[in-house]
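Worksheet: the structure to be examined is printed underneath.
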Amino acid sequence: MPALFFPRRYPPLLRVAVLVLLTVFVSVSSEKHPNIGNVSLTIAYPVQWISVQGAHLWRQTDHYLQSRAALKSENVRLRAELVRAQPKLLEADILRDENRQLLALLDSIPHPPGKVAVAQVIAQNFAPGSQLLVANLGTRAGVFVGQPVLAAGGVAGQVVRVSPESSQVALLSDLDSSIPVKPAGSDTPLLVDGTGNLDSLTVPFQPRNTPLKVGDKLVTSGLGGRYPAGLNVGTISAVIHNGDQPFARIAVRPAVHLGRLGTVLMLWDSPASQPAAAP
């Protein structure tokens, strides 16, 4: 690398001596000639500016690195807190959903026709034609085969099997389901059968000139003694008259959202009809 002021052939001591003398000369001259001092400051300014900018850049780099490390640490902490909070958030969502369903039950059935017990749905089986769910109450709670089951909106189905701790409920949409009904405000006896479709029931064996029409509400008639009279079952959603068929095809939309049940009510018509709980 070439020397800054002197060729390398000059001895180092000589070069140092010359630089010292030059420094003393500039210092003495600046006392007598202020312009020389100003020129020195001007010459030194770029060096000072580079030094200041270097220090500033170093501080910014150090701050950035510290901030990045702090953000990483904060990210790790927040992720850990989120993992710990997820079960509580899930539990809160479940409780919130159950509370909504319970409020809907209270609104739709403010005065149940008998004793009721709240049960949670713990399993569902919506195989083609088979519309079943399992509730967490059984014979120990007094549940029995044939017991009516209600949900927000009206009738959901009935108990078809029971164990000490749980019960199986066949929904109105089950192919084997049939419930005696009547139009609201009328005593005309009808039946509503399941179709295997959660969103559609049917009224069988109605003549082509049936007076039933879209929008008619159907409620339990009380015939057979299984369901109390006056509970909502559904609303007629379609009446199809086929010219070459002896019967009209009548579709009924269930009053209950059968495919979205999380909470149901087990109904006892009266204390006298409730079997004793199993020991």
Give the C-alpha distance, both sets of side-chain angles, the deciding distance and a yes or no for side-chain contact (heavy atoms from CB on, under 4.5 Å) between Val203 and Leu218. CA-CA 10 Å; Val203 179; Leu218 303 179; 3.9 Å; yes

Could you tabulate the donor-acceptor pairs under 3.5 Å formed by side-chain atoms of residues 143-157, not counting sequence neighbours?
residue	atom	partner	partner atom	Å
Gln147	OE1	Phe144	N	3.2
Gln147	NE2	Leu267	O	3.1

Identify whether Leu231 and Val118 are in the same connected component of the hydrophobic contact network (ILVMFWY, side-chain heavy atoms under 4.5 Å). yes

Is the backbone N or O of Gly230 less than 3.5 Å from a side-chain atom of Thr220, with the two atoms forming a donor-acceptor pair by type? yes

Indicate yes or no for a side-chain donor-acceptor contact from Thr202 to the backbone of Ile250 under 3.5 Å, with no hydrogens or angles considered. yes

Scanning both residues in full, the closest heavy-atom pair of Leu190 with Gln206 reads CD2-NE2, 3.4 Å

For Phe126 versus Leu258, what's the shortest heavy-atom pair and its separation? CZ-O, 4.0 Å

Between Gln131 and Gly196 the two heavy atoms that sit nearest each other are NE2-O, 3.1 Å

Sidechain-backbone polar pair: Ser177 side chain, Gly194 backbone, donor-acceptor under 3.5 Å: no

Just jot down the salt bridge (Lys or Arg N to Asp or Glu O under 4.0 Å) partners of Asp216, sequence neighbours excluded, or say none. Lys213

Sort and list the pairs that fulfil salt bridge (Lys or Arg N to Asp or Glu O under 4.0 Å) and have at least one residue in residues 150-160, not counting sequence neighbours. none

Is there side-chain contact between Leu175 and Ser130, with heavy atoms separated by less than 4.5 Å? no

Taking all non-hydrogen atoms of both residues, which atom of Val116 and which atom of Trp268 are closest, and how far apart? C-CZ3, 4.1 Å

Just list the side-chain donor-acceptor pairs under 3.5 Å for residues 234-241, sequence neighbours left out, or say none.
residue	atom	partner	partner atom	Å
Ser237	OG	Ala251	O	3.4
His241	ND1	Arg208	O	2.5

List the atom of Asp176, the atom of Asp174, and the distance in Å for their closest heavy-atom pair. N-OD1, 2.9 Å

Enumerate, atom names and distances included, each donor-acceptor pair closer than 3.5 Å involving a side-chain atom of residues 164-171, sequence neighbours excluded.
residue	atom	partner	partner atom	Å
Glu165	OE2	Arg140	NE	2.8
Ser166	OG	Ser163	OG	2.9
Ser167	OG	Leu137	O	2.8
Gln168	OE1	Arg161	NH1	2.5

Correct closest heavy-atom pair for Pro254 and Leu198 would be CG-O, 3.7 Å

Taking Gln124 for its side chain and Leu133 for its backbone only, find out whether a donor-acceptor pair lies under 3.5 Å. no

A side-chain contact here means heavy atoms from C-beta on lying under 4.5 Å apart; do Pro180 and Leu191 qualify? yes

Who else is in the cluster with Leu71 when I, L, V, M, F, W and Y are joined by side-chain contacts under 4.5 Å? none

Going through the checks in order, is the side-chain contact (heavy atoms from CB on, under 4.5 Å) test met by Lys182 and Val219? CA-CA 6 Å; Lys182 64 181 181 179; Val219 298; 4.0 Å; yes

Is there a path of hydrophobic side-chain contacts, each under 4.5 Å between heavy atoms of I, L, V, M, F, W or Y residues, that connects Leu212 with Leu172? yes

